Amino acid sequence: MRYLITLAVAATAVGGLALPAQAAACDVQCQLDLQRQNAVPRTAFYDPPVPLPWAPAGAVIRAQATADYAVPATRILYHSRTSAGRDVAASAVVIVPAGKAPAGGWPVVVDAHGASGIGRDCAPSLMRDLYHGNQMLRFVERGFAIVAPDYAGLGTDGRQEIVNKTAESNDVIFAQRAARRAQPDLSPRWVLWGHSQGGGAALAVAERQRVVPQPGYLGTVVTSPVADLPALAAHVVNTPGYGAFAALLAQGAHTSDPLIRPDRLLTPAAYSRLGITAIGCLGAVSAAYGDLTGSQLVSPAYATDPAFVRYLRTNSTGHLPLGGPVLLLQGEADTVVPVSVTDQVVASLCRLGTRLEYRTYPGLEHDTYPWVQGIDDGAMPDILTWTTARFANQRTTTTC
């Protein structure tokens, strides 16, 4: 379950659902307190050398065994690349099953996580529950190693290029390269699993796979992807309780392109709260923006600003064919990424000749909360079966 720490945190991040009174009452300070309770201390491990000496993408800066989570793991700090091609440090976690690796090494599942926030402390590797560690362990129990990148900026300098498909796909690709250098008993073969923001990153990796194939790549599982950014950017503005996503988009886009100015995209009331994105993760930001919707949240420039519009269009996926087999899963009750939006993305990909299998699930939401099940938990048996089949070299099917 991709819980946002607890019921209270999760509830404030979701609009359109009946929220328990005790959950809805968890304000910004309450959310920050919950965040601290789940936090792993951020140490100098996350501070790259200044200046950062150039190294090839995927080179390891440092690695550290840790017992901060429910299972033993290894943190890595590695060289990635920004969307502009600049060398940047990024962090990740590697988890391997207990015992001796099989011949050829542990098969690898790379986990591209959903939105957690854009501040330094919002790295999943700085959360005791790894943000959705229980889902990761489902793979580990099946004999898969997990490589879980944080995305550059999370954990390190706090400058995450949120939903920038070039930057995030770089972090994913180079994390699995770095993980093998730090953990030599990993197989060169890997499957990618991406949810929400990470689903967009996973589709971006698959786009690149069509042009420049990555060694060992066997395919990707995508759940409720943030793919059509213009459609979803409009959706979160007009859905009560989702104002946080508009604020995160505006600030993260500014990191990629300084011409994009959050003070132009957001209303004065929304812009005045933007400081919470530097210290608070998704639960706290959701609480801060929970009462702002529509014209209270964004200015007309949010829909018309040329640089922001270009950013959303450029970083959308679904307009280019994908390489490798793809399993795309969507909850029909999803209020963050509506099934109608994903239907259109799939239709476009099919027209482009992508080999894709699309499944929808009645009653499943975007994430799991105590009163509803999310797509990753509800579809996990199918995810595990499909992933296992890729390593067994079984044929895939397509619904296109």
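For the numbers below, each heavy atom of this structure counts, side chains included, while hydrogens, waters and symmetry mates do not. Values in this document were obtained by computation on a predicted structure and should not be read as measured data.
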Residues Val336, Asp367; criterion side-chain contact (heavy atoms from CB on, under 4.5 Å); working and verdict: CA-CA 9 Å; Val336 179; Asp367 292 308; 5.6 Å; no
Stepwise side-chain contact (heavy atoms from CB on, under 4.5 Å) check, Val96 with Leu186: CA-CA 8 Å; Val96 300; Leu186 299 184; 3.8 Å; yes
Stepwise side-chain contact (heavy atoms from CB on, under 4.5 Å) test for Arg313 and Arg310: CA-CA 5 Å; Arg313 289 176 177 169; Arg310 182 171 58 252; 5.9 Å; no
Audit row: Gln330, Tyr358, side-chain contact (heavy atoms from CB on, under 4.5 Å) steps and yes/no: CA-CA 8 Å; Gln330 172 71 41; Tyr358 182 42; 3.8 Å; yes
Worked check of side chain to side chain donor-acceptor pair (under 3.5 Å) between Gln29 and Asp33: CA-CA 6 Å; Gln29 187 58 54; Asp33 290 343; 3.0 Å; yes
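Under the 4.5 Å side-chain contact rule for hydrophobic residues, Ile95 and Met380 share a cluster. By the criterion of side-chain heavy atoms lying less than 4.5 angstrom apart, applied directly or through intervening Ile, Leu, Val, Met, Phe, Trp or Tyr residues, Tyr271 is grouped together with Leu265 in one hydrophobic cluster. Clustering ILVMFWY residues whenever any of their side-chain heavy atoms sit less than 4.5 angstrom apart, transitively, puts Val40 in a cluster other than the one holding Leu154. Cluster membership check: Leu32 shares its hydrophobic cluster with Val285, using side-chain heavy-atom separations under 4.5 Å among Ile, Leu, Val, Met, Phe, Trp and Tyr. Leu232 and Val298 end up in the same hydrophobic cluster when Ile, Leu, Val, Met, Phe, Trp and Tyr side chains are linked at under 4.5 Å.
What you find for Ala63 and Ile76 is that their closest heavy atoms are CB-CG2, 4.1 Å. Contact detail for Pro102 and Trp106: the closest heavy-atom pair is CD-CE3, 3.4 Å. Nearest heavy-atom pair across Val236 and Ala246 is CG2-N, 4.1 Å. Across all their heavy atoms, Ser187 and Val108 have their closest contact at O-CG2, 3.7 Å. The two atoms that bring Leu274 and Gln251 nearest to each other are CD2-OE1, 3.0 Å, heavy atoms only. The two residues Pro225 and Gly199 come nearest to each other via the heavy atoms CB-C, 3.8 Å.
The environment of Arg359 atom CZ is dense: over 12 non-hydrogen atoms of other residues, nucleotides or ligands sit within 6.0 angstrom. Heavy-atom contacts from other residues, nucleotides or ligands closer than 6.0 Å to CZ of Arg42 number more than 12.
Residue Val109 is tested with Val221, Thr387, Val147, Ile383 for a side chain to side chain contact (heavy atoms under 4.5 Å, CB included); the sole match is Thr387. When Asp87, Asp171, Thr166 are each tested for a side chain to side chain donor-acceptor pair (under 3.5 Å) with Arg81, only one passes: Asp87. Of the options Leu192, Val222, Thr354, a side chain to side chain contact (heavy atoms under 4.5 Å, CB included) to Leu203 is made by Val222 and by none of the others.
Inter-residue side-chain proximity for Leu229 and Val163 is flagged as met; some heavy-atom pair is nearer than 4.5 Å. Leu322 places none of its side-chain heavy atoms less than 4.5 Å from the side chain of Thr317. Here the side chains of Pro107 and Arg142 are not in contact, with every heavy-atom distance at 4.5 Å or above. At least one side-chain heavy atom of Leu248 sits under 4.5 Å from a side-chain heavy atom of Leu282. Within the 4.5 Å cutoff, the side chain of Val110 has heavy atoms near those of the Pro149 side chain. Residues Trp386 and Leu329 fail the side-chain proximity criterion, which asks for heavy atoms closer than 4.5 Å. Inter-residue side-chain proximity for Glu207 and His319 is flagged as unmet; no heavy-atom pair is nearer than 4.5 Å. Using a 4.5 Å heavy-atom threshold, the side chains of Pro188 and Pro215 count as separate.
For the atom pair CG (Asn164) and OG (Ser169), the distance works out to 8.0 Å, reported to the nearest 0.5 Å. Note that the OH atom of Tyr311 and the CG atom of Leu259 stand 13.0 Å from one another [nearest 0.5 Å]. To the nearest 0.5 Å, atom OH of residue Tyr361 and atom CG of residue Asp382 are 3.5 Å apart. Between the OG atom in Ser196 and the CD1 atom in Ile375 there is a gap of 12.0 Å [rounded to 0.5 Å]. Distance CG/Asp111 to NE2/His195: 10.0 Å, rounded to 0.5 Å. Put simply, OG1 on Thr293 and CD on Gln296 are 6.5 Å apart, with the number rounded to the nearest 0.5 Å.
The closest donor-acceptor contact from the side chain of His235 to the backbone of Thr335 lies under 3.5 Å. Formation of a donor-acceptor pair under 3.5 Å by the Gln31 side chain with backbone atoms of Cys26 is found in this model. Between the side chain of Thr255 and the backbone N or O of Arg159, no donor-acceptor pair lies under 3.5 Å. A donor-acceptor pair is defined here as one N or O able to donate and one able to accept, closer than 3.5 Å; such a pair exists between the side chain of Arg180 and the backbone of Gln176. Under a 3.5 Å cut-off, the side chain of Gln160 and the backbone N or O of Gly117 do form a donor-acceptor pair. No side-chain donor-acceptor contact under 3.5 Å links Arg264 to the backbone of Ile260. Side-chain atoms of Thr398 come within 3.5 Å of backbone N or O of Leu356 as a donor-acceptor pair.
Ring geometry for Phe308 versus Tyr302: interplanar angle of 30 to 60°, hence tilted. Under the 30°/60° scheme for interplanar angles, the aromatic rings of His132 and Trp193 are found to stand perpendicular. Between Phe245 and Tyr242, the ring planes lie perpendicular to each other; the angle is over 60°, past the 30° to 60° tilted range.
Between Arg273 and Asp291 there is a salt bridge, with a side-chain nitrogen of the basic residue lying less than 4.0 Å from a carboxylate oxygen of the acidic one. The residues Asp150 and Arg120 are annotated as not salt-bridged, no charged nitrogen and carboxylate oxygen being separated by less than 4.0 angstrom.
Among residues two or more places apart in sequence or in another chain, the ring pair (Phe, Tyr, Trp, His ring centres under 6.0 Å) test is passed with Phe144 by Phe391. In this structure Gln344 satisfies the side chain to side chain donor-acceptor pair (under 3.5 Å) test with no other residue, sequence neighbours excluded.
Residue pairs satisfying the disulfide bond (SG atoms under 2.5 Å apart) criterion with at least one member in residues 220-333, sequence neighbours excluded, are listed as follows: Cys122-Cys281.
Side-chain atoms of Arg208 and Gln214 form no donor-acceptor pair, as typed in the model, at a separation below 3.5 Å. Between the side chains of Arg75 and Tyr69, at least one donor N or O lies within less than 3.5 Å of an accepting N or O. Inspection of the Glu357 and Thr397 side chains reveals an N or O donor paired with an N or O acceptor under 3.5 Å.
The six-membered or imidazole ring of Tyr151 lies near that of His113, with a centre-to-centre distance under 6.0 Å.
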